[in-house]
Engineer: 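My questions all concern the structure below.
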Number of protein chains: 2
Amino acid sequence: MDPQHVIRALGALAQEHRLAAFRLLVQAGPQGLAAGALAEALGVAPSSLSFHLAQLSHAGLVSQRREGRSILYSADYPAMTGLLAYLTENCCAGQDQCGPAAACAPASTSEERNVA
Amino acid sequence: MDPQHVIRALGALAQEHRLAAFRLLVQAGPQGLAAGALAEALGVAPSSLSFHLAQLSHAGLVSQRREGRSILYSADYPAMTGLLAYLTENCCAGQDQCGPAAACAPASTSEERNVA
DNA sequence: TCAACGATTCGATAAATGTTGAAATATGGA
DNA sequence: TCCATATTTCAACATTTATCGAATCGTTGA
């Protein structure tokens, strides 16, 4: 994982609404949530949230798919795991006593996902 | 760990020079590195680095102590561990299959440190 | 085809962030 | 005391980021 990518991911999470949105998506699982549902849950204008979701998407932390009129966003668990791994990579000066960051997999329907 | 604190920490790490500085400090261990040594290693103007170190310090990610003319900065491992814990807290919708983030302790002179 | 709905894109604007050089503060040694 | 070293603070500036409302783009169903 290259540093620029890590910085984008950290920057994407370092904002009140985006961190909250990401947490909701992580909890929502692979099915995800519609942009509108997120906007309402967070109390943010749709156009504002769209901007934030684009940031998260650009950082590779969320993915989107259309379903009817809605666009469903879902957390990208492998990306999250990769970010944690990078942060702990230097931990203990390379000696992996800390162990790698725990893999982050969705609780349900985990059978359809490969966390490489 | 409250969300505002988490955001400060993430924001502190979401910058090229600060992320690099923090990594160097994590690798340097509890003894830390002088501000000047960091500035030279990163190729950043001293006043610029001072600004960045203040951000990291305000986020609670590093601590400082004076030694002679130098000010030595060192990574705050418990803070790092707390940050990772927060990020994984929501993982798997609360079911801790992911396990908590691995504790991050310095490799050497670990006898003088309490990672609660 | 048309109207309603869900979401994004586009401008404009306000706020926060990063950089630099000069000046100020603190320490150590002659 | 005086000077050199190490670092921070300050002010100015350019850049990036966040917000909102209006306009636009897809999709659905009558």
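Proteins get letters first, then strands, A, B, ... in listed order; numbering begins at 1 in each.
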Engineer: Which residue pairs pass the salt bridge (charged side-chain N to carboxylate O under 4.0 Å, His left out) test when at least one of the two sits in residues 45-68 of chain B, sequence neighbours left out?
Structural biologist: B:Arg65-B:Glu67

Engineer: Name all residues meeting the side chain to side chain contact (heavy atoms under 4.5 Å, CB included) criterion together with B:Ala79; count only those two or more places apart in sequence or in a different chain, and write none if there are none.
Structural biologist: B:Leu61, B:Asp76

Engineer: Measure from the side-chain N and O atoms of B:Thr81 to the backbone N and O of B:Tyr77, and report whether any donor-acceptor pair falls under 3.5 Å.
Structural biologist: yes

Engineer: Report which part of the nucleic acid A:Ser70 touches: base, sugar-phosphate, or nothing (heavy-atom distance under 4.0 Å, all strands).
Structural biologist: sugar-phosphate

Engineer: When we call it a touch if two heavy atoms are under 4.0 Å apart, what does B:Ala54 touch: a base, just sugar-phosphate, or nothing?
Structural biologist: nothing

Engineer: Any base atoms under 4.0 Å from B:Ala39, or only sugar-phosphate, or nothing? Heavy atoms, all strands.
Structural biologist: nothing

Engineer: For B:Arg65 and D:dA6, give me the distance from atom CZ to atom P, rounded to whole Å.
Structural biologist: 17 Å

Engineer: Measure the CG-CZ distance between A:Leu53 and A:Phe51 for me, rounded to the nearest 0.5 Å.
Structural biologist: 11.0 Å

Engineer: Can you give one letter per nucleotide of nucleotides 15-29 of chain D, 5' to 3': B if a protein heavy atom sits under 4.0 Å from the base, S if only from the sugar-phosphate, - if neither?
Structural biologist: ---BBBBB----BB-

Engineer: Could you tell me which residues satisfy side chain to side chain contact (heavy atoms under 4.5 Å, CB included) with A:Ala34, sequence neighbours excluded, listed by chain and number?
Structural biologist: A:Ala37, A:Ser70, A:Leu72

Engineer: Show the atom names and distances, to 0.1 Å, of all donor-acceptor pairs under 3.5 Å that link a side chain in residues 2-20 of chain A to residues at least two apart or in another chain.
Structural biologist:
residue : atom : partner : partner atom : Å
A:Asp2  : OD1  : A:His5  : N            : 3.4
A:Asp2  : OD2  : A:Gln4  : N            : 3.1
A:His5  : NE2  : A:Ala59 : O            : 3.1
A:Gln15 : OE1  : A:His17 : N            : 2.9
A:Gln15 : OE1  : A:Arg18 : N            : 3.2
A:Arg18 : NE   : A:Ala12 : O            : 2.6
A:Arg18 : NH1  : A:His52 : ND1          : 3.0
A:Arg18 : NH2  : A:Gly11 : O            : 3.2

Engineer: Between which nucleotides of DNA chain C, 5' to 3', does chain A make heavy-atom contacts below 4.0 Å?
Structural biologist: C:dA4 to C:dT9

Engineer: Could you note down all residue pairs passing side chain to side chain donor-acceptor pair (under 3.5 Å) where residues 35-48 of chain A supplies at least one of them, sequence neighbours left out?
Structural biologist: none

Engineer: For A:Gln64, which residues count as a side-chain hydrogen bond (donor to acceptor under 3.5 Å, both in side chains) partner, sequence neighbours excluded?
Structural biologist: A:Ser57, A:Tyr73

